[in-house]
A.B. asks: 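My structure is below; once you've seen it, I'll send some questions.
We're numbering straight along the sequence, starting at 1. Bear in mind that the values here come from a model prediction, so they are computed numbers and not experimental data.
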Amino acid sequence: MPFSPSALLSRAPSTLRYDFAASLVVFLVALPLCIGVAVASGVPAELGLITGIVGGIVTGLMRGSSLQVSGPAAGLTVLVLEAVQAFGLAVLGVIVLVAGLLQIAMGALKWGRWFRAISLSVVEGMLAGIGLIIVVGQVYAAAGLAAPASGLDKISGLPAAAVDALGDSAALASVAVAVATIVVMVGWRRMPGAARAVPGALVAVVLAAVATALLGLPVATVRVGAVLDAVHLPGADALSALAEPAVIGTVLAFALIASAESLFSAAAVDRLHAGPRTSYDKELLAQGVGNTLCGVLGALPMTAVIVRSSANVQAGARTKASRVLHGVWLLLFAALLPATLTYVPLPALAGVLIHAGWKLIPFRGMVTLWRTHRGEALVLAATAVAIVTVNMFEGVLIGLALSVVKTAWEASHLKMEVVDKGAGPIQAHLSGNATFLRLPKILDSLEALPQDRPVELDLSGLHHLDHACRTALENWAERHSAVGTEPVRVTEPEPVKVTAP
């Protein structure tokens, strides 16, 4: 069975004590993020809560990663916003539904482990690009202004937006709330340990709500309705959108990016605790079931979220009960206290997301990577730039293509040594891997040899000689011998011997 609710009830009381305390911490971390991600994605705030509830209770009960927590993620905000703007809210549910089914299929086929083969630079570049778009886009939200659609327009429009905000007292008040929210979140990390048990994001949002109400600031607040009213089951019109190639492309983007982010998060969470390791195929299956249900309900897509997951581990969680209980607290809040969300200022949520987006950009990691692996650093930067300038899906594809090219280039390591003793034939020794990527270098070196001297071409040191290189070398040898010079003597690579076990 994929999950066993009875297993949770059989836990020892001492274990549940730790899980109960951790679940409250994760709930307090997840609440402002569920709302903020939903608002930034251009959907009702209730849909973020629904995804958080499903991620906690449904995905939380399933096997995979025992301490990882799922819910709406800032990493998918840009993609969701683009999908809502392009296809509408009703089609979003269908996209999430089909993406979830695709994840279930990949998990059943045991493809989860293959996501670990995706270049870490591509994933970090993806998160960096998303983080930059979130930061820039939420600057507009912090001022109460409408953000341009594309990433480049968001960046280029910042000066004009600053001018507009400076001339508007309401915009300045809104910016002040956002800045104060960020300052509280950053400063909260320096508080004593007992105070830090309360998440800084929640403290910042509560303080912003209190200040806005007491001072009567002209700041927009969250609009929220009944959670059940926000549920939209997929209709025939929405399902028919699957015939559009653009929708299919978005489904693939959701499935691949959400899966990669979840499984990379699982690997990071495994490094934080000494408990059971993640079963990647089962975790992918759990994410698929959660996203399928979210799609049926018309909610946001989910991924495993490293912020909530690390908070869960640091709070002392021992089993999956903590993440399930956090979903229960979200459900109770959505059922009993949804009206309290109307006091939350939108610029405060913008501040929370600016802080979250900034943390997605690996500044220190980029510097270290540049010093040690410049090729990987270039892939990371190129992926981020492509996401900002083009779009999410194509940006990730560009990053993957660059990663493959870089790997192929490094794998085709080749060394060429020319020995000329002044008399007799010139000896050219090739070792390593001779592929088409190194062909220009090989031919340049060979064509630079004296035309009137015999040449001995030793290929015995090659581990691999592809068809393009072999053909080019044969053609060069014919040309070199065509003007009366002795035929080029070629020593072929030795065949690889395979011994029976």
Side-chain angles (χ1 to χ4, degrees), residues 73 75-80 82-83 86 95 99 102-103 105-106 109 111-134 150-152 155 244-265 267 280 284 301 303 360-362 365-366 368-370 372-414 432-442 464 466-469 472:
L76 287 177
T77 300
V78 177
L79 193 58
V80 173
E82 291 177 353
I95 293 173
L102 187 57
Q103 287 182 304
M106 291 189 292
L109 293 172
W111 287 6
R113 68 195 71 180
W114 291 104
F115 279 88
R116 302 172 69 185
I118 297 177
S119 169
L120 183 59
S121 297
V122 175
V123 177
E124 290 184 340
M126 175 192 74
L127 295 177
I130 292 170
L132 182 58
I133 294 177
I134 290 173
S150 70
L152 280 179
I155 295 174
E244 300 179 24
V247 173
I248 297 300
T250 304
V251 168
L252 293 175
F254 270 58
L256 295 176
I257 293 173
S259 300
E261 187 172 344
S262 295
L263 298 183
F264 272 97
S265 173
Y280 287 89
L284 187 55
T303 72
L360 289 176
I361 307 174
M366 184 69 176
T368 303
L369 202 60
W370 179 257
T372 55
H373 302 284
R374 292 196 174 183
E376 294 289 346
L378 290 174
V379 170
L380 189 157
T383 304
V385 171
I387 288 174
V388 172
T389 56
V390 187
N391 59 48
M392 170 77 70
F393 186 48
E394 294 179 11
V396 171
L397 291 180
I398 290 172
L400 289 173
L402 290 175
S403 178
V404 171
V405 170
K406 183 196 73 69
T407 302
W409 179 263
E410 292 178 347
S412 62
H413 176 72
L414 179 73
N433 297 303
T435 69
F436 68 95
L437 294 174
R438 301 290 181 173
L439 191 52
K441 176 183 177 182
I442 298 172
H464 175 71
D466 69 12
H467 177 70
C469 279

A.B. asks: Can you tell me how far apart CG (Asp466) and CZ (Phe436) are? Round to the nearest 0.5 Å.
C.D. replies: 7.5 Å
A.B. asks: To the nearest 0.5 angstrom, please state how far the CG atom of Leu132 sits from the CD1 atom of Ile130.
C.D. replies: 11.0 Å
A.B. asks: Closest heavy-atom contact between Gly399 and Val122?
C.D. replies: O-CG2, 3.4 Å
A.B. asks: Can you name the nearest heavy-atom pair linking Ser259 to Met106, along with the distance?
C.D. replies: OG-CE, 3.8 Å
A.B. asks: Would you say that Met366 contacts Glu124 through its side chain, given a criterion of any heavy-atom pair below 4.5 Å between the two side chains?
C.D. replies: no
A.B. asks: Heavy-atom distance under 4.5 Å between the side chains of Leu380 and Pro362, does that happen here?
C.D. replies: yes
A.B. asks: Take a 6.0 Å sphere around NE2 of His373 and say whether it holds more than 12 heavy atoms from other residues, nucleotides or ligands.
C.D. replies: no
A.B. asks: Locate the shortest heavy-atom distance separating Ala83 from Ile95; write the atom from each residue and the value.
C.D. replies: CB-CD1, 4.4 Å
A.B. asks: Check whether any side-chain heavy atom of Leu378 sits under 4.5 Å from a side-chain heavy atom of Trp370, and report yes or no.
C.D. replies: yes
A.B. asks: Which atoms form the tightest heavy-atom contact between Ala258 and Leu76, and what is the distance?
C.D. replies: CB-CD1, 4.1 Å
A.B. asks: List the atom of Leu414, the atom of Arg438, and the distance in Å for their closest heavy-atom pair.
C.D. replies: CD2-CB, 4.0 Å
A.B. asks: For residues Ser121 and Leu369, determine if any side-chain heavy atom of one lies less than 4.5 Å from a side-chain heavy atom of the other.
C.D. replies: yes
A.B. asks: Within the structure provided, determine whether Val80 and Pro301 are in side-chain contact (heavy-atom separation under 4.5 Å).
C.D. replies: yes
A.B. asks: Determine whether Val396 and Ile257 satisfy the following criterion, side chain to side chain contact (heavy atoms under 4.5 Å, CB included), listing intermediate values before the conclusion.
C.D. replies: CA-CA 9 Å; Val396 171; Ile257 293 173; 4.0 Å; yes
A.B. asks: Please report the C-alpha distance between Leu284 and Ser262 in whole Å, then the side-chain angles of each, then the deciding distance to 0.1 Å, and finally whether the side chain to side chain contact (heavy atoms under 4.5 Å, CB included) criterion is met.
C.D. replies: CA-CA 8 Å; Leu284 187 55; Ser262 295; over 6 Å; no
A.B. asks: Where is the tightest heavy-atom contact between Gly125 and Ile387, given as atom of each residue plus distance?
C.D. replies: O-CD1, 4.2 Å
A.B. asks: Can Leu102 and Leu252 be said to form a side chain to side chain contact (heavy atoms under 4.5 Å, CB included), step by step?
C.D. replies: CA-CA 8 Å; Leu102 187 57; Leu252 293 175; 3.8 Å; yes
A.B. asks: Donor-acceptor check, side chain of Thr372 to backbone of Thr368, threshold 3.5 angstrom: yes or no?
C.D. replies: yes
A.B. asks: I'd like to check Leu360 versus Ile134 (side-chain heavy atoms, cut-off strictly below 4.5 Å). Are they in contact?
C.D. replies: yes
A.B. asks: Just wondering, do Thr383 and Leu402 contact through their side chains at under 4.5 Å, heavy atoms?
C.D. replies: no
